Amino acid sequence: MPGFNVKSIREKKCYLSTHIPPYIYVLTSRHISHIVVKMVYSRLFVVTIALCVSLSFAAVIDSKLNASPKVQSRTWDQAIALAKSLVAQLTLDEKCNMTAGIGGPCAGNVLPISRLNFNGMCFQDSPSGVGDGVLQSTAFAAGIHTAATWDRDLFYQRGAAIGKEFQGKGVNFALGPMMNIDRNARHGRNWEGFGSDPYLSGENAFYYVQGLQDQGVVATIKHYICNEQETNRFYGTPHSKTRQSPSNSKGYSANLDDKTIHEIYLWPFAAGVAAGTGSVMCSYNQINETQACQNDKTQNGLLKGELQYMGNIMSDWGATKTGVESALGGLDIEMPGGDGYMGNSLEQAVKSGTLTEARVNDMITRVLTPYFLLSQDQGYPSLDLNRDATGDNYKINRQVSAAGMVLLKNTNNVLPFNVTADKNIFIYGTAGQSDDGLGSGSWGGHPGVLYQGGGSGYVEPTYGLDPLTSLMARAREDHLQIRYVTSQTDYGAINGSFNTRGFSSAKCLVFVSAFSSEGSDRGDLNPFGNGNQLVQTVASRCANTIVIVNSVSQLNLEAWIDLPNVKSVLWSGMPGVEYGPALVSILFGDYNPGGKLAFTLAKNDADFGTDISTTYDSNYTEGVFLDYRHFDQQKITPRYYFGYGLSYTNFTFAQLEITQASNDKHSASSQFQQRRMRHYSNFGSSGLNVPAYEITFTLTNVGNVDGSEVPQLYLGFPAEAQEPPKVLRGFERVYLAAGESKQVSLVLTQKDISYWNVVNQKWTIASGDYTVWVSTSANNADVKLQSSFHI
Ligand code: BGC
């Protein structure tokens, strides 16, 4: 590509190779002698193979774990036994007191028992770094940004880096990951989560949990469940003393059916449980008219029953509404305590016989088990929230930041810049630091960059590298001329810039942004401060307008996307404090963009078919037809499809083969399993996670620069399953040097090919033809390979 300013292929190969997940199994010709494709497999055959595969895992798993223990984790059985022996030494008073948090240095604190050398436990936000105003921690790229990398290795590495900081400060439980589904584009907390698809969210959750727990920090997957809006997350009941007081209020009710909860909203939580999470946080809302934290069906039925979850359920802060009812409904610990529902109040209930001591023992055993599971009883750092454990985490933060940016439009290859020709760069909009320091996690209307969204998910940055500063540094290096107007409303200056020297040959970068926070939903899907007008104004004069979208979640681009001068659009997402360098590396071609949207961008807001409810009921009547599944079903063309994103290079796909999962220890299926096994994981306990099929194909980078592609496996089910036209069931981010080819294998598990059967209450494999599409987005026009198998 002319003017492509990159390091040498050799250097880049090294850089890229560090991204390649160890479990991508690259097939050699030796392995391609599989029995292949389109065989008619009987269900019995599939089940038999599954059993053989699962039996053979034990040996493989042990050798893997012995090879690389980071934390001397224990098995759940060992941890439960240790927790029980501690519980056996507690008085009833101590046990009951331990069912609620106490005051202390952390967001949540568990009662210490000094006579037993138990120092209590610290629970602290957030999903994107150590939060709650703590200093000396890294403000990482947000969950939604990480999801857009579609890179499991980065999911894991980011989780591990976050884990190191929690561990370094001596925090026992991290209050993350957040994995509520982006059902409503305006949801104020979408930036904390992993987008609109349960499979993509589940993979993110899985690797986040393992990254964190491999550092000895307990993950708290949240918010369980169906917490997809902020509006009416608390509202007063007739008996409320105050309408907004959490302890006297209810949350809106998410009303949905059995198939929908299993296939969409429970899916990522199931992945988190399979990964081995020690903790789950129940949410503020109700599910089918029962508060989440006292919901027997979702907590005892689905989570502790069906998913065989052995850890604890803690309430979101102020989400406990009853005492005994919550304890019986599955809640194990009330947070942050002080509501008077659990804790000491339960002692009376035990004495009067409304709650058994056995249940209290179970609650406390569950609270303590994760502590022993991750061996926090053996030399875990003492608590010091000021301790600096950031190390060189800025490096992984920068990688995630660059990898999660999505190139949406690039007419005439206007990007990357050619530093010999593109000498004049004009910058408009929210490219610089906000005018109140690095921001406070609340939106004061300051027109600056956004590193993260707001609320309890926000991490106080130690520094922030904004695009304007990073572009200046680049200008010095490459002798470029930079001009800027960062006030979005100063049209005198903006219009004046069009008449300045150099403008006629300028590349114009227009920065627009959208903020949101916990506690409220967005009013609309427009950018802040009339950003649409800003883009239109610049594009009316600048022939090479490049829009950078710094947004918490979906935005409506229609006001300017088709303007002929809007040549390029780069979605910079919610990129953390390494925003500037990450962006510059893409603009100048040092990093070839490869991120993909973790949600659909609609042409009309109403096209999503789902929105925030302003009543106290949020009816999930769309069922499983959410996001691209809904656009498919309704045949609506979005602006940009789920999974979409461009690169500076091109790829070809060939030779699709579908084989049954192999238990050969070098096979993709075995690698897939080994990568996920830990002492603390529950991955092997369910036959559902056993590989069923391997989908293999050859991917080639046919361009002349290195880059990455994310092949996405969409599955079409037989009619019996009553599934949407297609659902995501596999992906892999594959990094290839220019001209390089690889064979890639994606693994379909038993669960991936099943649907939730509401009659027999089981994941069920449907009979008939399954269609496999390997695509580069949810757009049918992007399908590269297609085949099918029959069951
Ligand atoms: C949020 C949780 C958070 C908790 C503790 C709540 O308001 O919903 O996500 O972990 O506060 O700060």
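As the structure is a computational prediction, the values presented were derived from the model and not from experiment. Indexing begins at 1, ligand by ligand and atom by atom, following the structure's order.
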Exercise for the section: Please find out if less than 6.0 Å separates the ring center of Phe118 from that of Tyr371. Expected result: yes
Exercise for the section: Run down the list Asn180, Thr220, Asp125 and name the one with the heavy atom closest to atom 3 (C) of ligand 1. Expected result: Asp125
Fill in the blank from the handout: The atoms of ligand 1 lying under 4.0 Å from a heavy atom of Asp316, numbered in the order shown, are 1 (C), 2 (C), 3 (C), 4 (C), 6 (C), 7 (O), 8 (O), 11 (O)
Exercise for the section: Please confirm whether Tyr284 comes under 4.0 Å of ligand 1, counting heavy atoms of the residue only. Expected result: yes
Problem - Residues Asp316, Lys222: salt bridge by 4.0 Å N-O rule - result: no
Completion exercise
Taking only non-hydrogen atoms of Arg233 and a 4.0 Å limit, the atoms of ligand 1 in range are 7 (O), 8 (O)
Problem - His223 near ligand 1 by a heavy-atom separation under 4.0 Å - result: yes
Practice task
Using a 4.0 Å heavy-atom threshold (strictly under), name the region of Glu192 that reaches ligand 1: side chain, backbone, both or neither.
Solution key: neither
Problem - Arg189, any N or O under 3.5 Å of ligand 1 N or O - result: yes
Exercise for the section: Report, in ascending order of atom number, the atoms of ligand 1 lying under 4.0 Å from any heavy atom of Leu175. Expected result: 10 (O)
Exercise for the section: Indicate, with yes or no, if the rings of Phe599 and Trp571 have centres closer together than 6.0 Å. Expected result: yes
Exercise for the section: Among all protein heavy atoms, pick the one closest to atom 7 (O) of ligand 1 and tell me residue, atom and distance. Expected result: Glu518 OE2, 2.7 Å
Exercise for the section: Compute the centroid of each ring, for Tyr394 and then for Tyr463, and state whether the two points are separated by less than 6.0 Å. Expected result: no
Problem - Polar contact flag, side-chain donor to acceptor under 3.5 angstrom, Arg522-Ser553 - result: yes
Handout entry: Salt bridge flag under 4.0 Å for residues Asp332 and Arg359
Key = yes
Handout entry: Contact atoms of ligand 1, heavy-atom distance to Lys222 under 4.0 Å
Key = 2 (C), 3 (C), 9 (O), 10 (O)
Handout entry: Aromatic ring proximity, centroids under 6.0 angstrom, Tyr252 and Tyr235
Key = no
